[in-house]
Amino acid sequence: MDDRYNPQAIETKWQKKWKESNAFSASDNSDHSDYYVLEMFPYPSGRIHMGHVRNYTMGDVVARYKKANGFNVLHPMGWDAFGLPAENAAIERSIHPREWTYDNIKSMREQLERLGLAIDWSREVATCHPEYYKHQQQIFLDFYKNNLAYRRKSWVNWDPVDNTVLANEQVIEGRGWRSGALIEKKELSQWFLRITDFSDELLEDITQLSRWPEKVQLMQQNWIGKSEGAMVTFPICDQKENLEIFTTRPDTLFGASFCAISPNHPLCIELAAENEIIRNFISDCNQSGTSLVDIEGGEKKGVDTGLSAIHPLDSNIQIPIYIANFVLMEYGSGAIFGCPAHDQRDLDFALKYNLPVITVVCPSDKNPSNFSVKNTAFTGSGTLINSGFLNGLNVDKAKEAVVKELISLGLGHATTTYRLRDWGISRQRYWGCPIPMVHCDRCGIVPVPISYLPVTLPDNVDFDKPGNPLANHTKWKKTYCPKCGKKAQRDTDTMDTFVDSSWYFLRFCSARADTPFLEEDLKRWMPVAQYIGGVEHAILHLLYSRFFTRALKRCGYLNFDEPFNGLFTQGMVCHETYKDQSGQWMYPEEVEFDSNNSAKSVSTGEKIIVGRSESMSKSKRNVVDPEMIIKGYGADTARLFMLSDSPPERDLEWTEAGIRGAWRYLSAVWRLVLDIAKSTQNNSNVETFEINNKHIRAIHCAVHGVTNDLEKFHFNRAVARIRELTNTLQSLDLDIKEEANIARQGAKNLIQLLSPMVPHIAEELWTLIGEKESIYETSWPVADEKYLTNTNVTVGVQVNGKKRGVINLPENHDEELAKKLALSETSVLRAIDGKNIKKIIVVQGKIVNIVI
RNA sequence: GCCCGUGUGGCGGAACUGGUAGACGCGGCAGACUCAAAAUCUGCUCUGGGAAACUGGGUGGGGGUUCGAGUCCCUCCACGGGCACCA
């Protein structure tokens with residue numbers, strides 16, 4: 001073997017060996033404890049990016065570390081393979097989406113394999129494969145049977161560029177999350193999944209996910225948006241119908257000075273038929289949509305309907321009903337009562353339209369007889385005033401009293417609403433899982449029988465026509481009704497790709513089964529012990545997956561609720577951005593730095609403007625191709641750098657200097673271990689050394705510390721500790737027999753500690769130092785306690801909290817000794833300067849503080 | 001606007017439950033090897049004063065609790081993220 005570190009040679013060598021020995025296949029009948037580690041599967045865009053490298057390296061460290069600790073590890077990989085880019089490629093380059101996708105999968109798999117990931121590829125799945133989506137269709141049919149999937153007409157967010165419907169969460173600032181096009185409103189019949197059936201469960205159970213980041217728990221809680229309040233009925237003067245209003249502040253009911261309904265409220269639409277002003281106002285609101293409202297800074301506008309509502313608690317009071325642009329049809333009941341004194345938005349509206357402001361809650365530090373709200377609404381708690389039978393009660397008591405009264409009047413009840421709404425999954429696209437339903441003129445909507453599955457996508461489709469290729473297809477949609485046998489039509493919609501990713505983690509457990517998954521496999525592997533992915537999926541994917549698991553439970557597929565026991569969300573990979581003089585983004589390899597560290601264009605020498613570091617993205621061209629890095633430095637170097645500099649949950653700044661540093665370090669380890677291997681003998685029995693030998697202690701401390709760090713996902717600290725150990729080993733004199741023996745022992749531990757992070761070089765060095773077994777099969781080292789506890793400690797001595805010196809003490813020293821030694825230090829005595837000592841604080845093994 | 005997070009040398013970041021701030025790395029400086037460079041190795045590197053011993057300051061700003069605060073509390077500022085006419 002070459003004396004120089006040659007990553008390309010050893011990496012391909014070991015990747016071949018691992019593959020040949022099936023090293024990473026998970027056993028479905030092992031006696032060991034099972035451990036399922038999973039990273040979010042990628043969309044097969046064709047090339048991996050640094051985000052993937054970071055994500056999959058972390059997962060690989062966990063997989064290999066757990067394996068070394070005796071676990072039977074499941075670490076699979078697959079492809080989130082349906083979706084729009086495949087269709088775009090079809091349109092732009094006349095490649096069939098299937099061909100494009102499978103080509104991409106092939107090249108991305110090669111790239112991932114080149115990273116040396118300990119993945120069980122025998123379980124690989126692609127969501128676009130009929131063997132995957134036929135099970136998804138079966139699950140959909142079961143959801144339908146169990147009333148968890150339903151169809152209804154609804155206003156949808158229509159993306160005019162992608163020609164498809166988007167879920168609310170896919171609309172960002174009024175624009176499509178993918179296309180960026182302004183979203184229009186359109187009414188269509190759509191399939192929905194009843195996620196709101198589980199609102200409460202999803203909300204409550206999330207607090208029990210102790211190994212999830214609190215941030216993600218909170219984001220999901222906010223997303224579900226539970227609020228408790230009351231539904232109140234306001235009769236309308238001279239009308240049969242009542243106005244139903246949801247409020248979280250029923251206590252302020254006597255402060256109501258107007259009602260407001262949404263422009264999309266049924267009553268509003270009814271009124272619009274005979275009223276042009278209202279008609280104009282509605283179209284105004286619909287037109288402006290979200291975007292204009294944002295631009296105008298959310299001005300509150302309304303139109304008086306001329307109708308009046310009767311106050312539910314006092315029929316002598318009539319309050320005007322407005323149509324207001326800030327009332328949402330989708331939330332609550334689409335109607336509110338305005339209490340200007342205690343809601344800033346209502347107050348703004350009241351001041352604009354000259355409506356009365358009735359103060360009904362007085363803060364505890366104000367005088368109830370003269371407190372009144374002027375320009376700032378009071379939203380805190382206090383005592384009720386001007387409120388009839390509620391006067392004198394606090395807010396909470398008043399809420400209860402009002403609800404009680406409303407119930408007895410038959411005009412209301414306590415209720416809870418959620419921000420979360422049902423999940424619309426219909427997409428007017430070709431490259432997705434077909435919805436296995438048939439529309440029959442006689443029988444209505446008829447499910448495709450399970451034995452007919454899969455409903456496969458047709459091959460010969462035309463992407464040149466606008467709209468849904470499946471609907472445009474001449475033959476595919478034509479079928480026979482499974483019920484009456486007469487001619488009928490297939491549903492031409494496909495499912496949102498978030499459906500595909502809501503159960504793939506279950507499929508991995510039984511990747512080749514005839515049913516979606518087998519119960520005994522789920523029993524072995526689920527829930528996922530450690531899930532790792534980007535925080536950008538904190539809400540959608542993770543919430544949908546939690547819902548899916550519960551829905552599957554309800555349909556009798558499985559018997560647990562939460563799919564992911566542990567969740568880790570890693571930060572993004574960032575890079576500086578570069579622009580040339582004309583404002584064009586530049587790739588990092590097009591930029592060089594001169595000796596003054598100013599940036600120039602490689603080709604023209606033109607000065608380059610260096611921008612702040614941002615998340616790597618193709619549009620800003622601040623990307624570094626992992627393949628180039630692997631070619632230049634090797635996969636181990638790329639992996640090590642991904643783990644070393646930043647804490648994994650934070651963003652990582654990609655730098656050329658950083659990657660070179662990682663490479664230099666691995667080269668140094670290579671030389672160090674080679675030196676040690678050459679100059680020492682492999683004696684298998686581990687020697688014991690004198691308890692205070694600082695070198696042997698350093699080794700055991702490193703083993704102990706790295707183990708703790710890996711358990712806690714502190715990869716960057718683990719790397720720092722391993723480097724410290726390397727420094728220690730480098731300082732040993734191999735000509736001295738005892739030190740050489742320590743060095744050999746230390747080198748072995750060093751290789752073991754490194755092995756989850758940089759597996760190829762670890763395997764090679766493990767062999768070079770005389771070991772026969774693959775390091776992947778070798779047990780994790782355990783630190784010997786006796787080398788960890790200190791017999792002597794160095795303790796700082798402070799005078800008035802300021803460090804003035806250090807003293808050495810036995811670990812179990814008493815107070816007197818500490819005081820005595822502290823007061824014999826010259827630097828300490830100088831600081832005391834003969835002054836009177838008031839007190840001496842001694843914390844054993846930590847600190848001595850002398851107060852003067 | 002509301003909710004959450006972060007703020008430590010030139011840079012990325014360490015610091016267990018309040019107990020010696022700056023581990024480890026990057027960069028920089030000096031030196032060794034070399035005809036020279038690269039690579040490698042050695043040393044120094046928070047900052048002001050000082051030749052040095054030593055000494056003053058220092059974890060976004062201000063205040064507080066404590067013998068002792070990067071860590072806890074209050075307040076302000078900056079940056080990042082989530083939600084947003086949510087009734």
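Note on naming: letters A, B, ... go to the chains in the order of the sequence lines (proteins, then strands), and numbering restarts at 1 for each one.
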- Query: Just to confirm, is there a sub-4.0 Å distance from OP1 or OP2 of B/G27 to any side-chain nitrogen or oxygen of A/R664?
  - Reply: yes
- Task: Check every strand shown and say whether A/V719 touches a base, only sugar-phosphate, or nothing at a heavy-atom separation below 4.0 Å.
- Result: nothing
- Message: Within the 4.0 Å heavy-atom criterion, would you say A/N727 contacts the bases, only the backbone, or no part of the nucleic acid?
- Response: sugar-phosphate
- Hey, does A/H704 have a side-chain heavy atom less than 4.5 Å from the side chain of A/N708? yes
- Note on the structure: Whole-Å distance, A/N849 CG to B/A69 C1', equals 13 Å
- Message: Wobble G-U and Watson-Crick pairs count when both distances are under 3.5 Å; given that, what is the 5' to 3' dot-bracket string of RNA chain B, with | for pairing to other strands?
- Response: (((((((..(((......[....)))((((((.......))))))((((....))))..(((((..]....))))))))))))....
- Find which nucleotide of RNA chain B each of A/R721 and A/G845 is nearest to by heavy atoms, and output the residue with the more 5' nucleotide. A/G845
- Item | Quiz item: cation-pi between A/R419 and A/Y331, 6.0 Å / 45° | no
- Message: Under 4.0 Å from OP1 or OP2 of B/U20: is there any side-chain N or O of A/R804 that close?
- Response: no
- Query: When all nucleic acid strands are considered with a 4.0 Å heavy-atom cut-off, which category describes A/L328: base, sugar-phosphate, or nothing?
  - Reply: base
- Query: Are OP1 or OP2 of B/G57 and a side-chain N or O of A/K802 less than 4.0 angstrom apart?
  - Reply: yes
Listing time: all N or O pairs from protein to nucleotides 8-15 of chain B that are below 3.5 Å?
residue: B/G12; atom: O2'; partner: A/S646; partner atom: OG; Å: 3.2
residue: B/A14; atom: OP1; partner: A/N716; partner atom: ND2; Å: 3.3
residue: B/A15; atom: OP1; partner: A/R717; partner atom: NE; Å: 2.8
residue: B/A15; atom: OP1; partner: A/R717; partner atom: NH1; Å: 2.0
residue: B/A15; atom: OP1; partner: A/R717; partner atom: NH2; Å: 3.2

- Message: Check whether A/W670 forms a cation-pi arrangement with A/R4 (NZ or CZ under 6.0 Å from the six-membered ring centre, at most 45° off the ring normal).
- Response: no
- Is any side-chain N or O of A/R723 closer than 4.0 Å to OP1 or OP2 of B/A23? no
- Item | Along RNA chain B (nearest heavy atom to each residue), the more 5'-positioned of A/A662 and A/G332 | A/A662
- Does any donor atom in the side chain of A/E576 or A/S613 lie under 3.5 Å from an acceptor atom in the other side chain? no
- Task: Check the pair A/W212, A/F568 against ring pair (Phe, Tyr, Trp, His ring centres under 6.0 Å), reporting the backbone distance first and the verdict last.
- Result: CA-CA 7 Å; A/W212 278 42; A/F568 188 88; over 10 Å; no
Please output the side-chain donor-acceptor pairs of residues 830-852 of chain A that fall under 3.5 Å, not counting sequence neighbours, one pair per line with the distance.
residue: A/Q844; atom: NE2; partner: A/H813; partner atom: O; Å: 2.9
residue: A/N849; atom: OD1; partner: A/G801; partner atom: N; Å: 3.1

- Note on the structure: Per the glycosidic torsion and the 90° limit around 0, nucleotide B/G80 is anti
- Message: Does B/A39 have OP1 or OP2 under 4.0 Å away from a side-chain N or O of A/R671?
- Response: no
- Item | Any donor-acceptor N/O pair under 3.5 Å between B/C85 base and A/K300 side chain | yes
- Which is true for A/V806 with a 4.0 Å heavy-atom rule: it touches a base, it touches only sugar-phosphate, or it touches nothing? base
- Message: Base of B/C83, side chain of A/N222 - is there a donor-acceptor contact under 3.5 Å?
- Response: no
- Query: Any side-chain N or O of A/R345 under 4.0 Å from OP1/OP2 of B/A84?
  - Reply: no
- Whole-Å distance between B/U6 P and A/E214 CD? 10 Å
- Hey, do the aromatic rings of A/Y322 and A/Y353 have their centres closer than 6.0 Å? yes
